[in-house]
Amino acid sequence: MSTIISASEITVRYGDRAVLDSTTLGIQEGERLGLVGRNGAGKTTFLRILAGLQAPDIGEVSRQRDLVVSYLPQDFMLDATKSVAENIRDGATHVLGLIAEFESLPHDSKRHEELEHRITALEGWTLDQRVVVAMARLNCPAGDRRVDSLSGGEKRRVAMCRAIVSLPDFLILDEPTNHLDPESIEWVAEFLDDFHGTFLVVTHDRYFLDRVVKRMIELSDGKFFSHDGNYTEYLLAKAERQAADATVEHKRQMFLKKELAWVRQGPRAQRSKQKDRFERYYDTAAQAGPVIEEDVELCIPPPPQLGNRTVDVEGLGMSIGNRKLFGGFSFNFANGQRIGVCGRNGLGKTTLLKAIISQLPPTEGTVKTGQLTKFNYVDQARLQLNEENTVLDEVAEGREFVQWGDVKLTVRSYLKRFLFSDDRILTLVKKLSGGERSRLLLARILKSGGNFLILDEPTNDLDLPTLRVLEEALVAFPGVVLVVSHDRYFLNRVCTDILAFEGDGKIAHSVGDYDYYLEKRQKAAVAASRKTTEAPVASKPSAPAPNAAAKTAKGRKLSFKEQRELEGIEAQIHVVEAEVTRIEGLFADPEFFRKHASQVNQLTDDLDASKANVVKLYARWEQLEALKAASESA
């Protein structure tokens with residue numbers, strides 16, 4: 001494999017801090033890379049350098065000639081004056097430029113053939129079809145909508161489409177799964193599975209990393225550490241690396257301890273004239289030990305006591321305009337439950353949360369809240385931060401202490417529990433990374449306490465170490481947790497129950513984690529398919545009843561169109577039955593969860609639709625055969 005881009009001995013400093021410290025990394029053609037590291041470690045800086053948007057302070061970046069790079073940043077920029085479709089097509093500007101040049105040249109031009117080969121290699125002739133498919137699979141808003149009318153999540157989907165439609169040589173994705181539902185995330189994973197170029201992805205979605213990545217790059221203390229394999233294999237390799245570092249450091253400390261005792265003998269040791277021992281001791285003492293990653297414990301303030309009733313929901317239904325989101329939902333929330341809410345976007349997950357806390361009145365049913373229940377709601381929009389304030393000012397709001405259960409903490413001590421070190425506590429908000437901003441917002445909101453904690457997509461923009469600590473804090477929280485998330489790993493680790501929005505206004509409750517919910521849904525789908533597939537086959541017409549046909553057809557001859565339809569309908573039935581068999585085979589596959597877990601809802605819908613189509617086709621076949629028999633007997 002050839003190297004398409006390499007960064008050699010690059011250094012980037014922000015003040016006295018080097019986020020990249022004379023480090024080197026080469027990326028080979030066709031590699032599938034994941035980049036991890038704490039927020040603020042320099043990941044985004046490195047991505048910008050690779051994309052050519054920033055130069056290192058020291059060092060050199062070399063790129064393969066004519067390398068086409070596409071970059072999806074966290075803080076994406078779209079042209080607000082253009083439509084959705086126009087912004088997406090802008091992602092393939094280089095392809096469109098080649099097509100425009102191709103069409104402007106005479107047919108016998110020497111450049112003509114060269115351009116045609118280049119456009120074909122970039123699949124430029126099918127660009128419009130790719131735009132349509134990507135917009136549909138990522139649930140993008142309508143192509144004619146103006147970008148300035150979109151929500152933040154809709155803009156991210158548009159930016160994602162723009163990044164991938166050009167099929168670049170090198171694709172750089174910074175948090176591509178944020179604000180995407182499971183079906184869209186699965187489509188992005190399938191896209192990357194089939195992607196012929198090289199890609200580098202930064203994401204907090206651990207299942208996504210396990211699914212698509214073949215080499216993990218860790219950025220820590222300004223240096224790159226490379227590990228072959230996916231995220232799980234990286235964790236194992238990192239643990240081995242840290243154990244080896246700990247062994248080396250233990251031996252170094254033991255040597256220093258032994259030599260220190262010798263050095264302290266003073267003149268007696270010097271009389272032995274072993275000056276080299278002095279030199280060896282001081283050289284060893286000057287060596288830096290391994291960098292130890294310290295996790296500050298993130299603790300959620302202890303909540304007030306809950307009563308016997310927390311929240312009881314009975315027959316709850318919600319509609320927006322003439323569209324019914326869900327109905328007939330009943331549930332009794334109990335102390336100690338950690339409930340995950342999942343499902344496709346637009347089905348009403350956030351609306352349910354707002355109905356529970358009485359921000360929205362229910363269309364039908366009731367919500368009864370216990371007298372001692374105190375909600376603490378962290379919504380998707382979050383709070384607005386003052387960019388010119390420091391981290392300390394944003395949380396303190398003029399106070400020196402924060403109430404922590406029965407005790408008071410200084411604001412500094414409180415912020416340290418949200419992973420802010422002393423130097424970051426006095427940092428301006430505008431200089432924080434995306435994950436640091438999220439932690440700051442959580443610190444602001446959670447300081448108000450509460451025993452019924454509601455989190456709407458809390459994992460967006462958090463780095464992996466912070467996610468792990470947040471998960472541990474939620475598991476230890478002695479109240480009720482209700483969390484909306486598309487992060488399968490997060491749902492599995494935190495939740496005791498799942499509320500799944502399955503479409504058609506239905507909310508299903510499942511005790512256990514997200515994987516167990518998927519397993520039960522898979523078994524139910526397989527059982528339903530076996531129950532219904534036999535009926536259409538048994539109803540296959542062998543000899544339509546002429547008398548019954550005569551009553552309905554009245555001797556009418558088949559039209560030319562109906563004759564053609566009859567001739568081709570058996571082939572249609574074979575195609576649809578093959579699709580039913582294919583989907584049922586997916587459900588029966590022991591590897592189903594690993595390959596298609598996030599597609600359960602879509603596959604179930606496709607299976608139901610295919611079965612209904614089989615029944616419809618058989619009924620139509622019988623009708624046409626009856627018409628034919630009636631006309632022949634007449």
Side-chain angles (χ1 to χ4, degrees), residues 126 129-130 132-139 181-184 186-187 189-191 193-194 343-344 347 502-506 508 518-546 548-549 552-553 556-631:
T126 60
Q129 293 95 310
R130 290 204 309 277
V132 172
V133 171
M135 288 179 65
R137 298 305 297 269
L138 291 174
N139 294 323
D181 54 33
E183 285 77 10
S184 298
E186 178 65 21
W187 184 82
E190 290 176 353
F191 171 85
D193 282 342
D194 297 332
R344 296 195 303 274
L347 295 181
E502 297 184 338
D504 296 325
K506 180 184 177 183
L518 289 179
E519 182 182 348
K520 290 198 298 184
R521 182 160 173 77
Q522 179 200 12
K523 290 179 179 178
V526 171
S529 68
R530 288 174 178 170
K531 184 176 180 181
T532 57
T533 48
E534 296 178 359
V537 175
S539 64
K540 182 174 180 178
S542 55
T552 56
R556 179 175 67 82
K557 289 186 178 181
L558 290 176
S559 67
F560 178 79
K561 182 179 179 181
E562 288 172 331
Q563 183 64 40
R564 292 289 181 228
E565 183 183 0
L566 177 59
E567 291 171 357
I569 200 166
E570 188 171 3
Q572 283 184 275
I573 290 173
H574 287 316
V575 170
V576 179
E577 286 181 337
E579 178 66 4
V580 171
T581 302
R582 183 188 73 84
I583 298 175
E584 288 179 339
L586 292 178
F587 278 119
D589 186 353
E591 294 289 301
F592 176 83
F593 285 113
R594 187 180 68 82
K595 298 177 181 177
H596 310 286
S598 61
Q599 292 180 286
V600 169
N601 292 347
Q602 185 61 53
L603 287 171
T604 301
D605 292 343
D606 291 347
L607 182 60
D608 292 342
S610 295
K611 289 177 181 177
N613 199 13
V614 170
V615 175
K616 182 179 177 181
L617 286 170
Y618 271 120
R620 180 57 173 165
W621 189 12
E622 185 171 357
Q623 182 184 24
L624 292 173
E625 286 286 3
L627 282 170
K628 180 181 178 181
S631 63

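All of these numbers come straight from a predicted model, not from anything done at the bench.
Between Trp187 and Asn139 the shortest side-chain heavy-atom distance does not fall below 4.5 Å. Two residues are said to be in side-chain contact when any heavy atoms from C-beta on lie closer than 4.5 Å; Val614 and Tyr618 meet this criterion.
Around the CG atom of Asp504, the shell of radius 6.0 Å holds no more than 12 heavy atoms that belong to other residues, nucleotides or ligands.
Atom CZ of Arg521 is separated from atom CD of Glu502 by 4.0 Å, given to the nearest 0.5 angstrom. For the atom pair CG of Leu627 and CD of Gln623, the computed distance is 6.0 Å after rounding to the nearest 0.5 Å.
Contact between Ile569 and Leu617 at its shortest, heavy atoms only, is CD1-O, 3.5 Å.
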